[in-house]
Visitor: 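Questions regarding the structure given below will be posed in turn.
Keep in mind it's a predicted model, so treat the numbers as computed, not measured.
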Amino acid sequence: TSHSKIVMGKQSKREKFMSKCTENIRLDNEVYDFIDFVNDVGEESITDYLVWQWRKLNKKFNYLSVDKHTRHFENKVSGADFELELWILTKRNNFSFVFQAKKIIPDYNAYCSKLNYKNGTSRQLDVLINYAKLKNKLPFYLLYSPADSGTQTKCPQNNILKSALFMTDAYSVDSLTLNFKGKRLSKNRILNETNPFHCLFCCPLIDSSFLTYFNNYFPSLAENHSFDNTE
């Protein structure tokens with residue numbers, strides 16, 4: 001009898017995890033439609049929409065905390081549009097992220113400069129990384145970029161044709177822009193370095209741990225960033 005209770009408990013956790021997966025895929029598809037119907041929508045408007053939707057989802061699942069940064073704080077302190085703290089499966093397992101958001105839609109659009117944006121003498125990317133290290137958070141870029149038939153991400157198992165939310169770590173962005181300095185960098189080449197954001201809630205690797213997922217898909221994080229006290 002006690003064994004049955006344990007199995008039921010695990011199934012309940014798994015079901016809750018999959019519900020978060022389903023809800024975040026739905027949100028990803030909604031952002032895809034949002035950008036499709038309002039192609040000139042700005043990065044800040046998409047971020048505002050996401051923050052609103054995540055806060056609504058949190059009332060249902062109680063699994064995240066999200067705070068949007070002011071423009072002044074982003075430029076001078078964090079290099080990030082927002083911070084996101086996630087609890088996966090249990091409240092003892094959590095990771096804190098800082099995200100810089102970038103809208104990437106045309107096949108080519110001076111993306112090296114866009115991702116290497118400078119505010120004065122400081123690169124936004126460096127500000128993001130330094131803030132993440134100071135606050136023991138994980139520095140990521142969230143790309144608002146509707147997938148097309150040529151889009152391939154790190155994980156080949158994703159059904160991404162209605163996805164528009166992709167994430168990659170800041171260190172991968174740094175390497176990519178360095179390698180393509182003076183060259184044309186395409187939207188889909190950037191997305192090659194990403195996975196859909198909803199994979200944080202759907203990938204089977206996260207059943208093992210967040211660290212397993214990150215080490216598999218974003219190894220630059222482990223090489224450059226300490227995971228102490230993040231799980």
Visitor: Going by side-chain contact (heavy atoms from CB on, under 4.5 Å), L115 matches just one of R123, Q124, K102. Which one?
Guide: K102
Visitor: Apply salt bridge (Lys or Arg N to Asp or Glu O under 4.0 Å) to D33 and list each qualifying residue two or more places apart in sequence or on a separate chain.
Guide: K162
Visitor: Restricting to non-hydrogen atoms, name the atom on C112 and the atom on T177 that form the minimum distance, rounded to 0.1 Å.
Guide: SG-O, 3.9 Å
Visitor: For W54 and F99, what are the C-alpha separation, side-chain angles and deciding distance, and is it a ring-ring contact (aromatic ring centres under 6.0 Å, His included)?
Guide: CA-CA 14 Å; W54 282 327; F99 282 99; 7.4 Å; no
Visitor: Quick check on the hydrophobic clustering: are V127 and L125 connected, directly or via other members, by side-chain heavy-atom contacts under 4.5 Å?
Guide: no
Visitor: If every non-hydrogen atom of A101 is compared with every non-hydrogen atom of E43, which pair is closest and at what distance?
Guide: O-OE1, 3.8 Å
Visitor: Do you know which two heavy atoms are closest between S145 and F166, and how far apart they sit?
Guide: O-CE1, 3.1 Å
Visitor: Linking I/L/V/M/F/W/Y whenever their side-chain heavy atoms sit closer than 4.5 Å, directly or via other members, would F97 and V77 fall into one cluster?
Guide: yes
Visitor: Under 4.0 Å between a Lys/Arg side-chain N and an Asp/Glu carboxylate O for K20 and E23?
Guide: no
Visitor: Are K68 and D48 close enough for a salt bridge, meaning some N to O gap below 4.0 Å?
Guide: yes
Visitor: I would like to know whether C21 and C202 meet disulfide bond (SG atoms under 2.5 Å apart); could you show each step before the answer?
Guide: CA-CA 5 Å; C21 170; C202 303; 2.1 Å; yes
Visitor: Kindly say whether I35 contributes a backbone atom to a donor-acceptor pair with the side chain of K103 at under 3.5 angstrom?
Guide: no
Visitor: Find the distance between CG (L221) and OG (S172) and round it off to the nearest 0.5 Å.
Guide: 7.5 Å
Visitor: Does anything in residues 32-51 pair up under ring-ring contact (aromatic ring centres under 6.0 Å, His included), and if so which pairs, sequence neighbours excluded?
Guide: F34-Y49, Y49-W52
Visitor: Just by distance, with hydrogens left out, do T47 and D81 show a side-chain donor and acceptor under 3.5 Å apart?
Guide: no
Visitor: Just by modelled atom types, is the A170 backbone N or O under 3.5 Å from a matching donor or acceptor in the D174 side chain?
Guide: no
Visitor: Does a side-chain heavy-atom distance below 4.5 Å link M167 with T194?
Guide: no
Visitor: Report whether V51 and F73 are members of the same hydrophobic cluster (ILVMFWY, side-chain heavy atoms less than 4.5 Å apart, transitive linking).
Guide: yes
Visitor: Between N188 and D107, is there a side-chain donor-acceptor contact under 3.5 Å, judged purely by atom types and distance?
Guide: no
Visitor: Between R55 and V66, which heavy-atom pair has the shortest distance, and what is it?
Guide: NH2-O, 3.1 Å
Visitor: Indicate whether the side chain of Y213 and that of N195 have a donor and an acceptor atom separated by less than 3.5 Å.
Guide: yes
Visitor: F218 and ring pair (Phe, Tyr, Trp, His ring centres under 6.0 Å): which single residue from Y171, F140, Y141 fits?
Guide: F140
Visitor: Counting N and O atoms only, with roles assigned by atom type, does the side chain of T168 sit under 3.5 Å from a partner on the main chain of E193, one being a donor and the other an acceptor?
Guide: yes
Visitor: Tell me, with the steps shown, if L165 and L143 meet side-chain contact (heavy atoms from CB on, under 4.5 Å).
Guide: CA-CA 6 Å; L165 300 175; L143 307 178; over 6 Å; no
Visitor: If you take all heavy atoms of A80 and V98, which pair is closest and at what distance?
Guide: CB-CB, 4.0 Å
Visitor: Any luck finding a side-chain donor-acceptor pair between N116 and S113 under 3.5 Å?
Guide: no
Visitor: For N224 and K133, work out which heavy atoms get closest and say how close.
Guide: O-CE, 3.3 Å
Visitor: Would you say K118 has more than 12 foreign heavy atoms packed within less than 6.0 Å of its NZ?
Guide: no
